[in-house]
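Quick notes on the structure that follows.
Everything quoted here is computed from the prediction, not taken from an experiment. We number each residue from 1, following the sequence as shown.
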Amino acid sequence: MKEISESEMLHKMASYCSVAERCLQDVSKKLEASSLPEEAKERIKLRIIQEKFVDEKRFTRAFVNDKLKFNLWGRIKIVSELRKKGISAPDINDAMLEINEGEYNDILQALLKSKSKTIKAASERERFYKLLRFAVGRGFTPQEGVSCLKKILSSTKTDFDYDEDMA
């Protein structure tokens with residue numbers, strides 16, 4: 001394998017960060033795979049940060065937006081994944097505060113309506129709990145799931161009374 005110089009690796013990392021938003025952990029993983037000395041890796045990281053190729057706040061906002069709109073994840077799953085990437089709590093909190101509540105609830109409602117069409121259940125109670133488990137698995141709180149399911153399933157008359165204490 002060809003030995004790569006520090007300047008070549010800097011260009012590769014700049015290119016890597018230019019394609020999509022990256023966090024420092026993503027860059028660090030790429031650099032660890034290289035055979036450069038630790039001091040060179042640290043210089044590259046500093047330069048990438050100084051030149052704004054990597055910006056944790058910008059990455060966090062983009063990550064939250066993308067995972068909410070495209071992956072249809074809830075807050076819990078988004079926060080969990082950001083923590084795995086080593087993002088600081090203040091950056092996570094700032095990005096999470098930017099979520100529009102109306103849009104968030106609309107996403108959950110559309111997600112549950114769509115899933116409801118594909119669920120096979122013997123009773124309305126079973127349907128409710130399967131949908132609730134699905135919402136929780138997507139990173140929404142049980143309370144958010146129950147509230148949304150009440151709206152969705154209230155349009156159809158059922159003999160099952162959905163109680164938020166059950167969640």
Inset, instruction - Please determine if Glu51 and Arg47 form a salt bridge, counting it only when a charged side-chain N lies under 4.0 Å from a carboxylate O. - result: yes
Inset, instruction - Could you tell me whether the side chain of Asp91 reaches within less than 4.5 Å of the side chain of Leu82, counting heavy atoms only? - result: no
Inset, instruction - Considering non-hydrogen atoms only, spot the tightest contact between Cys23 and Ile87 and give its length. - result: CB-CD1, 3.9 Å
Legend entry - Test item: Leu68 and Ile78 side chains (from C-beta on) under 4.5 Å apart, heavy atoms: yes
Inset, instruction - Please report the shortest heavy-atom distance between Ala95 and Thr60, naming the atom on each side. - result: CB-CG2, 3.5 Å
Legend entry - Criterion side-chain contact (heavy atoms from CB on, under 4.5 Å) on Arg133 and Lys130, from CA distance to verdict: CA-CA 5 Å; Arg133 276 193 303 273; Lys130 282 184 174 186; 3.4 Å; yes
Inset, instruction - Working to the nearest 0.5 Å, report the span between CG of Leu72 and NZ of Lys115. - result: 12.5 Å
Inset, instruction - Measure across Ser34 and Leu31 and return the closest heavy-atom pair with its distance rounded to 0.1 Å. - result: OG-O, 2.6 Å
Inset, instruction - Would you mind reporting whether Val64 and Ile92 have side-chain heavy atoms less than 4.5 Å apart? - result: no
Legend entry - Ring-face cation of Lys67 near Phe63 (centre distance under 6.0 Å, axis angle within 45°): yes
Legend entry - Minimal non-hydrogen separation, Gly145 against Ala135, with atom names: CA-CB, 4.4 Å
Inset, instruction - For residues Tyr104 and Phe140, establish whether the separation of their ring centroids is below 6.0 Å. - result: yes
Inset, instruction - With the side chain counted from C-beta on, respond yes when Tyr16 and Arg22 share a heavy-atom pair under 4.5 Å apart, and no when they do not. - result: yes
Legend entry - From Leu36 atom CG to Ser5 atom OG, the distance as rounded to the nearest 0.5 Å: 8.0 Å
Inset, instruction - Would you please name every residue forming a side chain to side chain contact (heavy atoms under 4.5 Å, CB included) with Glu32, sequence neighbours left out? - result: Glu38, Lys41
Inset, instruction - Check the hydrophobic clustering (I, L, V, M, F, W, Y; side-chain heavy atoms under 4.5 Å; chains of links allowed) and say if Leu112 and Ile76 are grouped together. - result: no
Legend entry - Side-chain donor/acceptor of Arg43 to backbone N/O of Glu6, under 3.5 Å: no
Legend entry - Check: Glu98 main-chain N/O paired with Arg61 side-chain donor or acceptor under 3.5 Å: no
Legend entry - Donor-acceptor contact below 3.5 Å, side chain Ser147 vs main chain Glu144: no
Legend entry - Pair Asp26 + Lys85, salt bridge at N-O below 4.0 Å: yes
Legend entry - Heavy-atom check, side chain of Leu111 versus side chain of Phe134, under 4.5 Å: yes
Inset, instruction - Calculate, to the nearest 0.5 Å, the distance between atoms CE and CD1 belonging to Met9 and Ile4 respectively. - result: 4.5 Å
Legend entry - Separation between CG of Leu24 and CG of Asp55, rounded to the nearest 0.5 Å: 11.0 Å
Inset, instruction - Taking atom NZ of Lys30 as the centre, report whether more than 12 heavy atoms of other residues, nucleotides or ligands fall under 6.0 Å from it. - result: no
Legend entry - Distance in Å, Ser15 OG paired with Leu10 CG, rounded so as to fall on 0.5 Å steps: 11.0 Å
Legend entry - Sidechain-backbone polar pair: Asn100 side chain, Gly102 backbone, donor-acceptor under 3.5 Å: yes
Legend entry - Side-chain heavy-atom pair Glu56, Val54 within 4.5 angstrom cut-off: yes
Legend entry - Heavy-atom closest pair, residues Ile48 and Ala14: CD1-N, 3.7 Å
Legend entry - Neighbour count above 12 (heavy atom, 6.0 Å) for Lys12 NZ: no
Inset, instruction - Please determine if Lys69 and Glu103 form a salt bridge, counting it only when a charged side-chain N lies under 4.0 Å from a carboxylate O. - result: yes
Inset, instruction - State, yes or no, whether a side-chain contact exists between Gln109 and Lys113 at a heavy-atom distance under 4.5 Å. - result: yes
Legend entry - Heavy-atom check, side chain of Ile152 versus side chain of Ser116, under 4.5 Å: no
Inset, instruction - Drop me the distance from Glu126's CD to Ile119's CD1, to the nearest 0.5 angstrom. - result: 9.0 Å
Legend entry - Considering all heavy atoms, the nearest Val27-Cys17 contact: CG2-SG, 3.5 Å
